[in-house]
Undergrad: 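Here it is, the structure in full.
Values below: all heavy atoms of this structure, side chains included; hydrogens, waters and symmetry mates excluded. Indexing begins at 1, ligand by ligand and atom by atom, following the structure's order.
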Amino acid sequence: MGFPENFLWGGATAANQCEGGFDQGGRGLANVDVIPTGKDRRAVITGKREMLAFEEGYFYPAKEAIDMYHHFKEDIALFAEMGFKTYRLSIAWSRIFPKGDEETPNEEGLRFYEELFLECRKYQIEPLVTITHFDCPIHLIKKYGGWRNRKMIAFYENLCRAIFTRYKGLVKYWLTFNEINMILHAPFLGAGLTFAEGENEEQIKYQAAHHELVASALATKIAHEIDPENKVGCMLAAASYYPYSCNPKDVWESKKSDRGNYFFIDVQSRGEYPNYGLKMLAEKGITLEQTAEDTALLKAHTVDFISFSYYASRVAASEDSGVEKTEGNLFPTIKNPYLEASEWGWQIDPLGLRITMNDLYDRYQKPLFIVENGLGAVDTPNEDGKINDVYRIDYLRAHIAAMKEAIDQDGVELLGYTSWGCIDLVSAGTGEMKKRYGYIYVDRDNEGNGTLARSKKQSFYWYKKVIASNGEDLA
Ligand code: BG6
């Protein structure tokens with residue numbers, strides 16, 4: 001018993017948070033480049049403050065990030081040293097199609113990822129590729145308004161065709177959209193949306209989500225046609241909601257909140273909008289423009305597996321409960337008095353991972369893949385310059401143990417585990433470098449100072465042991 005023999009252990013990153021090289025190799029500008037650190041970040045991410053170019057007086061951390069663009073060989077060698085079986089990364093759309101609406105892809109961009117995948121293959125590391133992890137060419141936003149425009153489906157299709165064709169035989173696991181439900185909470189990040197004063201934001205967000213869902217089904221279709229070996233997954237920012245109390249009103253609130261997230265995966269996994277979702281849209285006065293072709297695509301091309309991120313559990317309470325809110329992965333939630341929280345207020349709950357896995361598996365009965373999990377923390381080197389990140393090891397140990405229980409005791413099917421930010425990278429939420437998740441430390445600070453040198457933390461050696469023992473040795 002325990003983890004299956006071919007379990008895919010590894011780590012995860014996203015292009016915009018680690019690559020840098022924003023203007024190299026013919027790459028075009030993207031939404032993720034123009035998101036600054038500091039007080040305006042949240043307004044930009046949520047589409048309330050339009051920033052479609054670099055502005056004076058701001059720091060843009062994604063421009064250089066940890067410069068994986070030039071360090072990928074060194075970084076992949078370190079992943080291999082830990083024994084990674086898989087490495088989750090994302091493609092920067094504007095490296096392949098710099099503007100997004102060209103007919104032919106940028107050869108230099110295609111070559112960059114080809115070399116990266118070959119480097120993975122050299123160490124028998126299976127790439128797991130997110131087609132879009134929050135990025136969108138800026139030209140598509142300026143000219144078409146991002147995913148609010150149906151034309152985006154065709155541009156995304158071109159991207160998919162180009163990469164599925166070029167990387168056939170090199171990549172088998174694909175994720176269509178990172179955390180698709182994030183479009184509701186961070187619409188500029190998730191879909192390149194900005195809003196004019198007085199616009200009906202909900203209408204636009206759900207229509208944009210519909211375009212992404214159709215694009216996701218189309219990608220699944222094409223992936224299977226180009227190579228029947230391809231496996232395509234959806235990706236949810238997951239974490240089941242607990243009711244704040246056994247007051248039926250709180251229980252009802254938690255059910256509604258869960259459905260707010262399942263809404264997307266229900267479509268991607270079951271092939272149609274769920275009844276509660278249709279009622280919810282109607283109640284909000286939202287009309288989705290959906291063609292017969294869309295409906296057919298959604299129905300016929302559901303995903304092969306369900307991937308998700310899990311950092312912290314969530315709590316829901318009815319409006320009249322008057323309870324306090326806390327932070328959590330761009331979703332403010334309610335404080336759970338039974339849990340400790342990270343330095344950023346994210347509530348640490350390994351059993352919540354087991355609960356979430358069971359909820360998702362019961363609902364969809366498709367294999368799961370945990371593609372993000374980890375602890376964002378400040379790491380301070382000791383006198384010898386070493387980082388003894390026991391807090392991170394404790395977090396990961398408890399979550400891996402919970403995963404094991406879900407497999408062993410509950411019969412959940414789990415394909416793999418890629419912990420988030422296996423190498424320190426820029427935080428998506430805050431843009432900080434000091435919110436670190438890695439097994440590998442990168443010498444760079446919030447203001448962009450540092451040598452970019454990589455070094456191994458204590459957790460590096462620990463994770464190596466975990467992988468070598470296939471999850472048996474968590475000590
Ligand atoms: C997920 C994203 O929301 O959480 C990642 O897919 C992100 O891109 C991760 O980095 C952790 O969030 P943060 O804000 O700590 O970087």
Side-chain angles (χ1 to χ4, degrees), residues 10-19 30-33 35-38 41-42 44-46 61-62 65-66 68 87-93 128-136 175-191 212 233-239 261 264-265 306-314 326-333 341-348 353 356 369-379 391-392 395-396 399 417-438 442 444 446:
T13 61
N16 74 87
Q17 293 170 256
C18 66
E19 269 180 19
N31 58 339
V32 285
D33 301 328
I35 301 177
T37 52
R41 187 175 180 88
R42 184 63 68 120
V44 173
I45 281 178
T46 52
I66 58 159
M68 207 191 248
Y87 168 41
R88 175 182 176 226
L89 67 140
S90 77
I91 298 258
W93 188 341
L128 163 60
V129 177
T130 318
I131 300 167
T132 42
H133 191 125
F134 296 153
D135 68 319
C136 181
L175 306 179
T176 53
F177 288 90
N178 182 62
E179 298 190 332
I180 193 157
N181 49 328
M182 209 51 108
I183 192 172
L184 300 180
H185 310 276
F188 183 65
L189 202 58
E212 288 192 352
C234 52
M235 199 308 198
L236 174 73
N261 293 320
F264 301 90
I265 308 305
I306 313 287
S307 87
F308 64 97
S309 59
Y310 174 88
Y311 292 91
S313 56
R314 302 167 182 150
T326 182
E327 282 307 311
N329 205 2
L330 293 171
F331 294 65
T333 178
S342 78
E343 289 160 278
W344 274 265
W346 296 21
Q347 309 187 94
I348 301 172
L353 174 58
T356 300
F369 205 136
I370 300 172
V371 296
E372 286 186 34
N373 170 244
L375 179 74
V378 175
D379 290 327
Y391 36 89
R392 184 167 295 110
Y395 176 101
L396 294 166
H399 285 77
Y417 174 78
T418 57
S419 65
W420 176 249
C422 44
I423 179 164
D424 291 346
L425 39 63
V426 175
S427 157
T430 67
E432 291 165 294
M433 257 317 290
K434 74 168 188 198
K435 189 181 188 192
R436 297 171 184 274
Y437 287 87
V442 179
R444 185 171 169 88
N446 282 353

Undergrad: With sequence neighbours left out, what residues match Arg41 under salt bridge (charged side-chain N to carboxylate O under 4.0 Å, His left out)?
TA: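 Partners of Arg41 by the salt bridge (charged side-chain N to carboxylate O under 4.0 Å, His left out) criterion come out as none, since no residue qualifies.
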Undergrad: Check whether any N or O atom of Trp420, backbone or side chain, sits under 3.5 Å from an N or O atom of ligand 1, and answer yes or no.
TA: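 There is such a contact, yes.
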Undergrad: Tell me the contacting part of Tyr310 for ligand 1: side chain, backbone, both, or neither, using a 4.0 Å heavy-atom threshold, strictly below.
TA: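 It is neither part, as no heavy atom is under 4.0 Å.
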Undergrad: State if Trp344 counts as touching ligand 1 under the rule of any non-hydrogen atom under 4.0 Å.
TA: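 No, that is not the case, since the closest heavy atom of the residue is not under 4.0 Å from the ligand.
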Undergrad: Main chain of Arg436, side chain of Asp424: is a donor-acceptor contact present, judged purely on distance under 3.5 Å?
TA: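 Pair absent, no side-chain N/O of Asp424 close to backbone of Arg436.
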Undergrad: Would you sort out whether Asp379 and Arg392 count as a side chain to side chain contact (heavy atoms under 4.5 Å, CB included), showing the intermediate values?
TA: CA-CA 10 Å; Asp379 290 327; Arg392 184 167 295 110; 3.2 Å; yes
Undergrad: Is there side-chain contact between Asn261 and Leu184, with at least one heavy-atom pair below 4.5 Å?
TA: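 No - every pair of side-chain heavy atoms lies 4.5 Å or more apart.
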Undergrad: Taking distance alone, with no angle check, do Gly429 and ligand 1 share an N/O pair under 3.5 Å?
TA: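 In this structure, Gly429 places an N or O atom under 3.5 Å from an N or O of ligand 1.
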Undergrad: Where the side chain of Asn181 meets the backbone of Ala237, is there a donor-acceptor pair that is under 3.5 Å apart?
TA: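 Yes, the answer is positive, given that a donor and an acceptor are paired below the 3.5 Å cut-off.
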Undergrad: Is the shortest N/O to N/O distance between Asn178 and ligand 1 below 3.5 Å?
TA: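 Yes: some nitrogen or oxygen of Asn178 is under 3.5 Å from one in ligand 1.
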Undergrad: Checking Ser427 against Tyr437: is there a side-chain donor and acceptor pair closer than 3.5 Å?
TA: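 No, no side-chain donor-acceptor contact under 3.5 Å.
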Undergrad: If we only count N/O pairs under 3.5 Å, is Ala428 in contact with ligand 1?
TA: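 The answer is yes, given that Ala428 and ligand 1 share an N or O pair closer than 3.5 Å.
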Undergrad: Should you measure from each heavy atom of His133, which atoms of ligand 1 turn up under 4.0 Å away?
TA: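 Answer, ordered by atom number: 2 (C), 5 (C), 6 (O), 8 (O).
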Undergrad: Any idea which atoms of ligand 1 are less than 4.0 Å away from a heavy-atom of Lys435?
TA: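 Result: 13 (P), 14 (O), 15 (O).
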